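Naming: A, B, ... by sequence-line order, numbering from 1 per chain. In this text, all values refer to a predicted model and were calculated from it rather than measured experimentally.
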There are 2 protein chains.
Amino acid sequence: MAEDVFKALADPTRRRILDELAERDGQSLFEICARLATKHGLGLSRQAISQHLAVLEAAGLVRTRRQGRYKFHDLNTGPLERIVTRWLRPDVPESAP
Amino acid sequence: MAEDVFKALADPTRRRILDELAERDGQSLFEICARLATKHGLGLSRQAISQHLAVLEAAGLVRTRRQGRYKFHDLNTGPLERIVTRWLRPDVPESAP
DNA sequence: TTGTCATGCAAGTCATCACTTGCCTATGGT
DNA sequence: ACCATAGGCAAGTGATGACTTGCATGACAA
């Protein structure tokens with residue numbers, strides 16, 4: 001649902017997480033925590049990131065795959081491509097001859 | 001700022017307003033109120049819509065022009081085109097040969 | 001099995017946001 | 001001048017959301 005996508009993108013921390021996954025796919029929860037802390041100076045608890053990831057997954061922006069006791073997260077840009085074209089002109093330039 | 005754009009898009013009512021302006025540019029506050037009420041069944045107060053329009057204008061998604069005692073609102077899709085490309089591949093397909 | 005590491009669930013707190021109500025300003029018609 | 005119309009400002013309320021703390025679960029190693 002588009003509603004979930006927009007709400008997921010509303011939070012700056014979640015956008016940072018998407019940035020991180022765009023740079024390196026398949027990170028675990030702790031990896032994301034560490035990189036957000038070191039690179040962006042975000043001092044958030046593990047659960048905070050976990051909840052953000054749950055929101056992103058519910059919106060379809062992040063796909064997860066479990067492997068043993070690890071859970072890897074991958075970015076999924078599918079929903080992103082559809083949401084904004086709603087207000088851009090109905091005739092998309094890509095499909096034009 | 002991208003922050004303002006995402007926050008502006010987070011609310012369903014504001015997205016409806018953008019829909020309305022995308023369909024017909026240059027509407028006044030009361031026109032938007034009326035059309036939201038009749039077409040979408042939204043029973044919101046005038047101030048509610050006014051505050052939403054202020055948020056949209058602060059985000060650069062809506063441009064306003066005063067004319068007498070009327071204030072007309074126009075959709076501005078500029079910020080929309082930039083925000084999502086952040087996570088789509090750095091190489092934009094439009095510029096590819 | 002026992003300990004440890006990676007993650008999940010639940011409740012509680014604090015801030016932000018959407019919406020309302022009431023009053024005020026200003027423009028235009030008569 | 002008068003009154004109605006279009007819009008703005010401000011404070012207050014209720015709900016949603018971000019974050020924390022504490023405990024529980026499941027997997028791997030010794």
Report summary line: Sorted by chain and number, sequence neighbours left out, side-chain contact (heavy atoms from CB on, under 4.5 Å) with A/Arg24 holds for A/Gln27, A/Glu31, A/Arg35
Requested in this report: Name all residues meeting the side-chain contact (heavy atoms from CB on, under 4.5 Å) criterion together with B/Gln47; count only those two or more places apart in sequence or in a different chain, and write none if there are none.
Outcome: B/Ser45
Query raised in the report: Hey, is the side chain of A/Lys7 poking within less than 4.0 Å of OP1 or OP2 on D/dT16, counting only N and O atoms?
Result: no
Query raised in the report: Is the shortest side-chain N/O distance from A/Arg66 to OP1 or OP2 of D/dG26 below 4.0 Å?
Result: no
**Report entry** Worked check of side-chain contact (heavy atoms from CB on, under 4.5 Å) between B/Ile83 and B/Leu9
**Finding:** CA-CA 11 Å; B/Ile83 54 172; B/Leu9 293 175; 3.9 Å; yes
Query - B/Ile17 and its side chain to side chain contact (heavy atoms under 4.5 Å, CB included) partner, picked from B/Val62, B/Asp11, B/Leu36, B/Val55 - result: B/Leu36
Query raised in the report: So, do A/Thr77 and A/Leu61 sit near enough that their side-chain heavy atoms are less than 4.5 Å apart?
Result: no
Query raised in the report: Any donor-acceptor pair under 3.5 Å linking the side chain of A/Asp25 with the backbone of A/Leu75?
Result: yes
Query - Closest heavy-atom pair and its distance - B/Gly60, B/Asn76 - result: O-OD1, 3.2 Å
Query raised in the report: Considering all heavy atoms of both residues, which atom of A/Ala22 and which atom of B/Trp87 are nearest to each other, and what is their separation?
Result: CB-CD1, 4.3 Å
Query - 5' priority, DNA chain D, between A/Asp11 and A/Gln67 [closest heavy atom] - result: A/Asp11
**Report entry** Span of DNA chain C in contact with chain B (heavy atoms, under 4.0 Å)
**Finding:** C/dC17 to C/dG28
Query raised in the report: In residues 49-65 of chain A, which ones come under 4.0 Å of DNA chain D, going by heavy atoms?
Result: A/Gln51, A/His52
Query raised in the report: Heavy-atom contacts under 4.0 Å between residues 26-48 of chain A and DNA chain D, which residues?
Result: A/Gly43, A/Leu44, A/Ser45, A/Gln47, A/Ala48
Report task. Carefully, step by step, assess B/Lys7 and B/Glu3 under the rule salt bridge (charged side-chain N to carboxylate O under 4.0 Å, His left out). Result -> CA-CA 6 Å; B/Lys7 285 202 172 181; B/Glu3 170 77 23; 3.5 Å; yes
Requested in this report: Rounded off to whole Å, could you give me the NZ-to-C1' distance for the A/Lys71 and D/dC28 pair?
Outcome: 19 Å
Report summary line: The remaining residues in the hydrophobic cluster of B/Phe72, counting side-chain heavy-atom contacts under 4.5 Å among Ile, Leu, Val, Met, Phe, Trp and Tyr, are B/Tyr70
